[in-house]
Amino acid sequence: MCQFLSKLFAFKGVPLGKMIVLDLYAESIPIWKTTESFYGQPFIWCMLHNFGGNIGLFGELISVSTGPISAAKHPGSTMIGTGITPEGIEQNYVMYELMNEMGWRSEDFDLEPWLEDYSQRRYDLADVTRQSLQLLAIIPFNNLVSGYNNKSLSEVHAAATKLFEIFSDMDAVLSSNQYFLLGNWLNSAKALATNVQESRLYEYNARNQITLWGPDANLEDYANKMWGGMVNDYYKPRWKLFVSYLVDALSHGTPFAHHKFRDALFDQEVKWTFYNNTFPDRPVGDTLAIAKKLHLKYRSNKTIILAGLPREGLTIDMH
């Protein structure tokens, strides 16, 4: 950090006003606070928010709703505007609409009524249902772990069945919305090709980018996407493989074969990037009908708000 700040100190050698600094990740790591507003250089308060274009209802809402105003009002502030610097867009629109509004706000405001108003204007049923199922999956996951630690095959099988069922339900609701389709991603890549060879290459790159991000899983899952088709065809088989190794360990009374599992998983993932099976690029099913059905199915789970649930770790023998 000291070396980093010393480089920032070099900004003093640039005539004031001859450069504009982007405080790139200000909603989480505001550099302006530790550099006296970049030592007098004008800067833009930026929200980065998303790495790899991941899908999920997450973000520093409170920081975004207060940070730019606080930075602008700070004594000696050199802030000249707001910006957005995400690695991926087309997800979690509430963060971007709020950030875009902050450039026009100069006074503190109550975030809760703003969110209530936003939910009435831009309610994405498919995304909210997906997020709910993602949180709900923590329950069978914890049961899966406890079943393994209890050396209970029946508990592991029961938890895995519930987990795979949630994956299928998630895939169904995602497949009903045009913005959450793996087919769109793959077909748009193949559409750029001028021949069969190029089509296969572009599809491979499209598949690799959202999974392994490199031939050797250089940034595995960095740009993961919860899309219709992706959940059932890529993520669920990975979990099935994991469960099969848990079952094998319990059945034979042996430690979890971590290295063998990692090798088998990598082999499975690489093969998927070279497949050319097709996926719908148009919605399948009615989102509202599917969401209602899932609500009735899971409404008895009162623990849908799971942020505070402890996540028990697997006891894995690495030998």
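Since the structure is predicted, the reported quantities are computational estimates derived from the model, not experimental observations. Residues: numbered from 1 along the sequence shown.
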### Query
Can Asp248 and His252 be counted as having a side-chain donor-acceptor contact under 3.5 angstrom?
yes
### Message
Distance to the ring centre below 6.0 angstrom and angle to the axis at most 45 degrees; does that hold for Arg105 and Phe109?
### Response
yes
### Query
Can the ring centroids of Phe261 and Phe242 be said to lie less than 6.0 angstrom from one another?
yes
### Task
Check the surroundings of atom CG in Leu288: do more than 12 heavy atoms from other residues, nucleotides or ligands lie under 6.0 Å from it?
yes
### Query
Between CG of Asn143 and NZ of Lys162, what distance do you get to the nearest 0.5 Å?
10.0 Å
#### Entry: Donor-acceptor side-chain pairing of Glu155 and Asn150 below 3.5 angstrom
yes
### Message
Pairing donors with acceptors under 3.5 angstrom, does anything connect the side chains of His49 and Tyr25?
### Response
no
#### Entry: Pair Trp227 and Phe180, ring centroids less than 6.0 Å apart
no
### Message
Taking the basic N atoms (NZ, or NE/NH1/NH2) and the acidic carboxylate oxygens, is any pair closer than 4.0 Å for Glu198 and Lys190?
### Response
no
### Message
Whether Lys297 and Glu165 form a salt bridge (side-chain N of Lys/Arg under 4.0 Å from carboxylate O of Asp/Glu) is what I want to check.
### Response
yes
### Query
Any side-chain donor paired with an acceptor under 3.5 Å for Tyr202 and Gln197?
no
### Task
Look at Asp263 together with Lys260 and state whether they make a salt bridge at an N to O cut-off of under 4.0 Å.
no
### Basic-acidic side-chain contact under 4.0 Å: Glu220, Arg238
yes
### Message
Side chains of Trp114 and Glu101: any donor to acceptor distance under 3.5 Å?
### Response
yes
### Task
Drop me the distance from Asn208's CG to Glu203's CD, to the nearest 0.5 angstrom.
12.0 Å
### Query
Given the rule that I, L, V, M, F, W and Y join up when any side-chain heavy atoms are under 4.5 Å apart, are Leu57 and Met99 in one cluster?
no
### Query
Taking NZ, NE, NH1 and NH2 as the nitrogens, is one of them in Asp171 or Lys236 under 4.0 Å from a carboxylate oxygen of the other?
no
### Message
A cation-pi test, strictly: NZ or CZ of Arg207 under 6.0 Å from the centre of the six-membered ring of Tyr275 and no more than 45 degrees from its axis. Yes or no?
### Response
no
### Task
Flag the pair Asp23 and Lys33 as a salt bridge only when some basic side-chain nitrogen lies within less than 4.0 angstrom of an acidic carboxylate oxygen.
no
